[in-house]
Structure formats: structure tokens, C-alpha cells
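The structure appears right after this line, and notes come after that.
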Amino acid sequence: MRVSQLFTKTSKTAPGDEVAKNAQLLIRAGFIHKEMAGVYDYLPLGKIVLNKIIDVIREEMNAIGGNELSLTALQQKDVWEASGRWNDEVMDVWFKTKLASGSELGLAPTHEEPLTKLMKSFISSYKDLPVYPYQFQIKFRNELRSKSGLMRGREFWMKDLYSFSRTQEEHDTFYEKMSEAYDRVYARLGLGEITYKTFASGGSFAKYSHEFQTLSPVGEDKIYVHEGKKIAINEEVYNDEVLADLGVSREELVERTAVEVGNIFTLGTKFSDALDLNYTDEDGTSKRVIMGSYGIGPSRVMGLIAEHFSDDKGLVWPENVAPAKVYLVRIGGDQAVAHADTLYDELIAQGVEVLYDDRDERPGAKFADAELMGIPYRVTVSDRLIGAGQYEFTPRATGETSLLTGGELLAKLN
RNA sequence: CGGGGUGUGGCGCAGUUGAUAGCGCGCUCGGUUUGGGACCGAGAGGUCGAAGGUUUGAGUCCUUUCACCCCGACCA
């Protein structure tokens with residue numbers, strides 16, 4: 001992509017009404033735009049980052065048998081009344097609206113009910129199970145207070161997978177596989193080191209649920225971390241019983257603030273009871289389907305990564321989620337243009353994603369933008385280096401520049 | 001939803017005791033520049049969140065209202 005073709009621009013200043021670092025940097029770099037409190041547009045570069053996060057999650061969900069689908073955002077009242085969650089006192093984050101006919105509708109805050117109902121059309125035998133449908137979708141939640149930029153929005157992206165299993169054992173096995181898949185997701189997103197599988201309250205069908213909590217000063221949750229076991233306990237269940245269950249003592253735990261970047265939850269038969277989702281087992285008897293739900297908020301993850309991987313110059317994207325691998329800076333006249341154009345074509349031919357700064361700007365402005373946007377590698381083509389057949393190569397994270405030949409450069413970026 | 005704060009060109013801000021708005025960035029044009037967000041000159045762009053009120057006169061005072069931010073409560 002050529003920078004001259006991007007309609008977005010960078011800004012030296014952040015909007016005065018944004019305090020959260022993730023929002024300030026993402027807006028300054030032109031990745032997102034604020035529409036209203038807790039509601040953001042994803043601009044071209046931001047959309048690429050969001051897509052990359054989604055792609056990582058998708059690969060891991062597919063690897064454990066997920067079936068991607070797309071459910072509707074408009075929700076019928078009846079489906080939710082079956083579980084009692086249409087009631088505003090039970091679920092206080094509803095955005096409700098009406099059809100022209102006057103019928104009430106809701107904007108989906110989550111999808112257990114509609115999906116459970118949908119699956120009634122496809123699940124009837126033990127042979128139809130287990131199944132793992134999932135989706136990436138914008139959820140709507142009427143939060144009393146949205147905050148922290150992308151971290152808590154009223155409209156946000158969510159990956160939600162739901163498991164439908166025959167037995168508790170089958171469910172438990174999948175639950176564990178999902179936990180491992182989540183570990184791989186966060187590792188690939190560069191958050192593995194600071195993300196902890198955290199014990200949280202389980203609801204009526206399991207003693208615990210698990211949250212994936214990433215350490216961050218902007219976190220809303222307080223957790224107690226056990227470094228040795230790489231686990232943590234949410235403060236809501238931080239008690240002697242849990243400590244005993246996990247075989248840890250208070251002295252081994254450290255209190256930290258963290259951001260919930262995902263959760264896995266055993267639902268049991270809560271929704272299959274409410275909506276009457278059954279299957280016929282091998283012995284001919286009818287049984288309830290055992291369910292689980294598994295969420296990750298890609299938009300929140302994006303905010304967290306922006307918040308975590310940044311410095312005084314701007315964003316510092318991990319390679320797996322960066323909008324491009326290389327920021328190609330061109331300095332100089334016709335000769336530099338010709339060389340940069342050629343290198344751009346070569347990199348593209350090699351499958352390297354490049355953001356080519358072909359603007360007629362001064363070098364300082366290009367360098368500053370490359371840093372603000374946080375592209376992992378900056379490559380500089382300039383008149384003064386062409387004679388020597390050299391290119392400058394500068395990793396964003398270290399800022400250390402080395403001089404490479406064309407061959408060395410292509411090898412390094414491959 | 002309770003408490004606190006803020007709304008002035010696209011963005012960041014200033015506007016003294018009331019007298020129909022100013023700076024920086026950005027933008028346009030001309031020229032000079034060209035390895036760390038260039039410089040000079042000339043321009044365009046706002047009725048000051050909205051509504052009502054006080055006053056000869058309101059960005060400045062009063063009332064109402066909307067929006068945004070922070071803390072708390074609540075939540076992916």
C-alpha cells in the first residue's frame with residue numbers, strides 16, 4: 001500500500017477528550033476514529049490490525065474443530081424470554097428497539113439463546129454431536145460507563161464460540177482443548193508472557209470458569225498471580241477454598257491489575273433446558289445437550305496491544321498484527337524514486353507487506369510517521385545510499401539502524 | 001446511576017473587571033528548501049455544544065438541556 005493512497009493522516013496531537021493511551025495513539029496514527037463514547041470506527045490501517053487479530057483467532061478455532069458462521073445482530077424477544085434474559089433487570093445492558101409494526105427487538109449483546117434455538121434444527125442425534133459453531137461479530141452492550149478507549153466499548157468485536165456436547169466428559173475434554181487454543185492465541189499475539197489463565201466464579205454448572213487475564217496497569221480486574229504455575233485467581237473467588245483447590249498459599253501469590261482478554265465458561269444445560277435442546281442417545285433416550293461458551297474480544301485485544309506495545313514515539317506492533325511488515329521511506333529525487341519503486345515491487349513479489357511512503361514529504365516527517373504507526377521494520381532508500389548499493393534497515397522496537405545490501409535486505413525480510 | 005471536570009475553525013489551546021473572537025498545528029497559493037515532523041510571504045476557515053433568559057451590549061452572567069472525560073458502583 002502506498003501512503004499517498006491512504007486517506008487517513010497522522011496527527012501530532014491527540015483529541016483532548018481521550019485520556020487512554022491506546023485511543024490517543026490509535027487516533028493520532030489514523031487507525032481509529034471516535035464516533036461517540038465507547039463507539040469507534042476502524043479506519044484502513046486499524047481494520048487491517050483488527051483483521052489480523054481475528055485471523056489468528058480463526059486459525060486456532062478452526063484447528064480445534066470450530067465451524068465459523070455469522071448470526072444476526074437483530075434479536076427476537078421470544079427467544080430471550082425463554083431464558084428469562086429479556087428482562088432488563090436480569091440483563092441490564094440491552095439496547096432495545098422496535099420494528100415498524102411495533103414488535104420489540106434487541107441488538108445482540110451475546111448469542112447463547114438464538115444459537116441454541118438455531119441448533120435445534122440441526123441437532124437431533126448423538127451422531128450430530130459434538131459441534132462447535134463460532135463467529136466474529138459486533139456486540140452491543142449498553143454499558144453504564146464506557147471507558148479506556150477500545151477497552152470497554154458499547155459496540156465491540158467479539159469472537160464467541162459455543163460448544164454443544166453429549167456428556168460432561170466430552171465437554172470437559174473440549175474445554176481443556178479450548179484453554180490450550182487460547183494460550184496459543186495470546187502467544188501468537190505477543191501477549192503470552194503476561195497473560196494468565198485465571199480462576200473465576202463458575203455459575204451453576206461448574207465450580208469455576210476461566211478468564212484469560214493480561215497484566216496491564218489499565219486493567220479493571222484485580223487478580224492474584226502465581227508465577228510458578230502461571231495461573232491466577234480473580235479477586236472475586238480469592239478465598240481459602242480456592243487456594244486449597246489449587247494447592248497454593250497466599251504467600252505465593254502477587255496482586256496485579258489485569259485486563260480480561262478472554263473467557264471460557266461451562267454452561268451445562270442452562271440454555272438447552274430453557275430452549276429445549278435435546279438429542280437422542282445411542283440407547284434411544286432423549287438427553288439434554290451440554291453447552292459451553294468461549295469469548296475473546298478482538299477489539300479489546302487490539303486496544304490492549306496498542307496500550308502495551310508503545311513508547312514515547314508511538315505504537316510498536318508485534319509483527320503478527322502489524323498493518324504492514326515494512327515501512328518503506330523514500331528520500332531524494334528521481335533516482336531514489338526509481339529505486340524505491342523497484343524495491344517496493346520486489347518486496348510485494350516476495351509476499352512482504354509494505355507501506356510505501358511515496359509522499360513528497362521531508363525525511364523527518366516520514367520517519368516520525370513510521371514510528372507513530374509502529375510498523376516493525378523501516379527501510380530507507382535514499383540518494384546518498386544508492387551509489388553504495390545500500391539500504392537502511394531499522395527495527396521499530398530497537399531503533400538501531402544497520403546498512404544492508406539489497407540481497408541482505410530481501411533475505412532479512414523473507 | 002452518584003461524585004468531579006470539560007465543551008471556542010479539522011486538531012490542540014488562549015480569551016483578563018461583559019463591548020459582536022485570537023494563537024499553534026493542519027489546509028490553499030507563491031517562492032526558497034530537502035536525512036529527524038523546513039522557512040518566508042499571501043490566504044481560506046469559527047458566532048464560541050444547544051435552547052431560553054438578564055443587559056444598550058453575552059464566548060464571558062443566570063436557567064435548562066445535550067455531549068465528552070475521570071473516580072466510584074456495574075460489566076467482555
Side-chain angles (χ1 to χ4, degrees), chain A residues 7-20 23-24 27-30 33-39 88-94 108-112 136-161 198 200-201 209-214 218-221 234 236 258-265 293-304 313-314 329-334 336-337 357 359-373 378 380-386 391-392 394 399 401 403:
Chain A
F7 73 81
T8 56
K9 283 187 215 183
T10 58
S11 167
K12 290 177 191 170
T13 54
D17 68 356
E18 289 286 6
V19 174
Q24 289 190 341
I27 291 172
R28 282 187 55 209
H33 175 261
K34 183 187 214 151
E35 208 55 51
M36 63 183 96
V39 179
D88 289 327
E89 292 180 10
V90 176
M91 183 117 89
D92 62 2
V93 293
W94 271 112
T110 178
H111 278 87
E112 284 84 359
F136 293 95
Q137 206 214 31
I138 290 174
K139 302 295 196 221
F140 300 92
R141 296 194 186 176
N142 200 349
E143 299 283 351
L144 250 40
R145 181 186 166 201
S146 64
K147 57 183 278 197
S148 307
L150 250 33
M151 311 294 272
R152 169 178 296 292
R154 296 200 166 95
E155 175 183 324
F156 60 94
W157 283 86
M158 181 158 155
K159 181 283 298 184
D160 44 331
L161 184 147
T198 303
S201 56
S209 68
H210 296 89
E211 295 167 344
F212 287 76
Q213 295 272 6
T214 304
V218 299
E220 301 180 353
D221 292 332
N234 192 303
E236 66 187 19
V259 173
E260 183 180 348
V261 290
N263 61 31
I264 57 179
F265 208 94
S293 71
Y294 313 83
I296 293 180
S299 43
R300 175 180 280 185
V301 168
M302 178 170 160
L304 179 65
K313 291 177 175 165
V329 173
R330 178 183 87 196
I331 300 173
D334 295 344
V337 171
D357 198 339
R359 297 173 300 173
D360 185 24
E361 286 287 341
R362 296 168 67 89
K366 295 187 178 189
F367 293 149
D369 280 347
E371 283 154 353
L372 177 58
M373 291 182 191
R378 188 179 83 209
T380 304
V381 172
S382 82
D383 289 332
R384 72 158 74 143
L385 298 171
I386 288 170
Y391 301 88
E392 273 180 17
T394 313
T401 295
L403 292 176

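Sequence lines set the chain letters: A, B, ... in the order given, protein chains first and strands last, and positions in each chain run from 1.
Within 4.0 Å of A/Thr394, counting heavy atoms only, lies no atom of the nucleic acid at all. Among the atoms of the strands shown, none is found under 4.0 Å from any heavy atom of A/Gly333. Here A/Arg154 lies out of heavy-atom contact (under 4.0 Å) with every strand. Residue contacts shown for A/Gly16 are limited to sugar-phosphate atoms, with no base heavy atom under 4.0 Å away. Residue A/Glu18 is out of contact with every strand shown, counting any heavy-atom pair closer than 4.0 Å. Residue contacts for A/Glu371: at a heavy-atom cut-off of 4.0 Å it reaches a base atom on one of the strands shown. Across all strands shown, A/Thr10 has heavy atoms under 4.0 Å from base atoms, whether or not it also approaches the sugar-phosphate. As judged by a 4.0 angstrom heavy-atom cut-off over every strand, A/Asp369 is placed among the base-contacting residues. Note on A/Leu385: a base of the nucleic acid sits closer than 4.0 angstrom, heavy atoms only. Across all strands shown, A/Lys139 has no heavy atoms under 4.0 Å from either base or sugar-phosphate atoms. Using a 4.0 Å heavy-atom criterion, one finds that A/Glu361 contacts no nucleic acid atom at all. Residue contacts shown for A/Glu260 are limited to sugar-phosphate atoms, with no base heavy atom under 4.0 Å away. A/Arg330 comes within 4.0 angstrom of nothing in the nucleic acid, heavy atoms only. Across all strands shown, A/Val19 has heavy atoms under 4.0 Å from sugar-phosphate atoms exclusively, and none from any base.
Close to B/rA38, at under 4.0 Å from its OP1 or OP2, lies a side-chain N or O of A/Arg362. Proximity of A/Lys34 to the phosphate of B/rC69: a side-chain N or O atom is located under 4.0 Å from OP1 or OP2.
Look at the P atom in both B/rC39 and B/rU33: the space between them is 16 Å, to the nearest Å. B/rU65 sits 41 Å from B/rA44 when the P atoms are compared, rounded to a whole Å. Comparing B/rG53 with B/rG18, their C1' atoms sit 15 Å apart, to the nearest whole Å. If you take atom C1' in B/rC62 and the same atom in B/rG24, they sit 34 Å apart, rounded to whole Å. Nucleotides B/rC13 and B/rG26 are separated by 14 Å at their C1' atoms, to the nearest Å. When the C1' atom is used for both B/rU8 and B/rA21, the distance is 9 Å, rounded to whole Å. Nucleotides B/rU20 and B/rC48 are separated by 15 Å at their P atoms, to the nearest Å. Atom name P, nucleotides B/rG15 and B/rG72: the rounded distance is 31 Å, in whole Å.
The partner of B/rG41, taking Watson-Crick or G-U wobble pairs whose two distances both stay under 3.5 Å, is B/rC29. Nucleotide B/rU34 has no partner under the Watson-Crick or G-U criteria, as no pair reaches both atom distances under 3.5 Å. With a 3.5 Å ceiling on both atom-pair distances, the Watson-Crick or G-U wobble partner of B/rG72 is B/rC1. As the counterpart of B/rU6, B/rA67 is assigned, both hydrogen-bonding distances of the Watson-Crick or G-U wobble pattern falling under 3.5 Å.
Looking at which nucleotide of RNA chain B each of A/Gly149 and A/Phe367 is closest to, the 5′-most match is held by A/Phe367. Between A/Leu372 and A/Glu143, the one whose closest nucleotide on RNA chain B sits nearer the 5' end is A/Leu372.
A straight line from CZ of A/Phe7 to P of B/rG10 spans 18 Å, rounded to a whole angstrom. Distance, A/Gln24 CD to B/rC69 C1': 11 Å, rounded to whole Å. With rounding to whole Å, A/Trp157 atom CH2 is found 20 Å from B/rA76 atom P. Counting to the nearest Å, the C1' atom of B/rC71 and the NZ atom of A/Lys147 are 8 Å from each other. One atom, CG of A/Asp88, and another, P of B/rC1, lie 13 Å apart when rounded to the nearest Å. The nearest whole Å value for the distance from the CG atom in A/Asp360 to the C1' atom in B/rU33 is 11 Å. Distance, A/Arg145 CZ to B/rC1 C1': 12 Å, rounded to whole Å. Atom pair A/His33:NE2 and B/rG10:C1' shows a separation of 10 Å (rounding to whole Å applied).
Comparing B/rA76, B/rG12, B/rC68 by their closest approach to the side chain of A/Met36 singles out B/rC68. Here B/rA73 is the nucleotide among B/rG36, B/rA73, B/rC11 with the atom lying nearest to any side-chain atom of A/Leu144. If you check B/rC25, B/rG12, B/rA73 against the side chain of A/Lys12, the one that comes closest is B/rC25.
Taken from CG in A/Leu161 to CD1 in A/Ile264, the straight-line distance is 11.0 Å, to the nearest 0.5 Å.
Under the 3.5 Å distance criterion, with hydrogens and angles disregarded, no donor-acceptor pair is assigned to the side chains of A/Glu392 and A/Thr401.
Every residue was checked against the side-chain contact (heavy atoms from CB on, under 4.5 Å) condition with A/Ala368, not counting sequence neighbours, and none meets it. With sequence neighbours excluded, the residues satisfying side-chain contact (heavy atoms from CB on, under 4.5 Å) with A/Gln137 are A/Ala73, A/His111, A/Gln135, A/Lys139.
Contact check on A/Glu371 versus A/Arg378 returns a salt bridge, with a Lys/Arg side-chain nitrogen under 4.0 Å from an Asp/Glu carboxylate oxygen.
Using a 5.5 Å limit on the distance between ring centres and a 30° limit on the angle between planes, the aromatic ring of A/Phe156 counts as stacked on the six-membered base ring of B/rA76.
By the neighbour-count criterion of 12 heavy atoms within 6.0 Å, atom NZ of A/Lys313 is sparsely surrounded, having that number or fewer from other residues, nucleotides or ligands.
For the side-chain contact (heavy atoms from CB on, under 4.5 Å) test with A/Gln213, the passing option among A/Asn263, A/Val261, A/Asn234 is A/Asn234; the others fail.
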| query | Should A/Glu112 and A/Thr110 be marked as a side-chain hydrogen bond (donor to acceptor under 3.5 Å, both in side chains) after you check the CA-CA gap, both sets of side-chain angles, and the distance that decides it? | reply | CA-CA 6 Å; A/Glu112 284 84 359; A/Thr110 178; 2.7 Å; yes
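Relative to the ring axis of A/Phe156, A/Arg141 does not place its NZ or CZ within 45° and under 6.0 Å from the centre.
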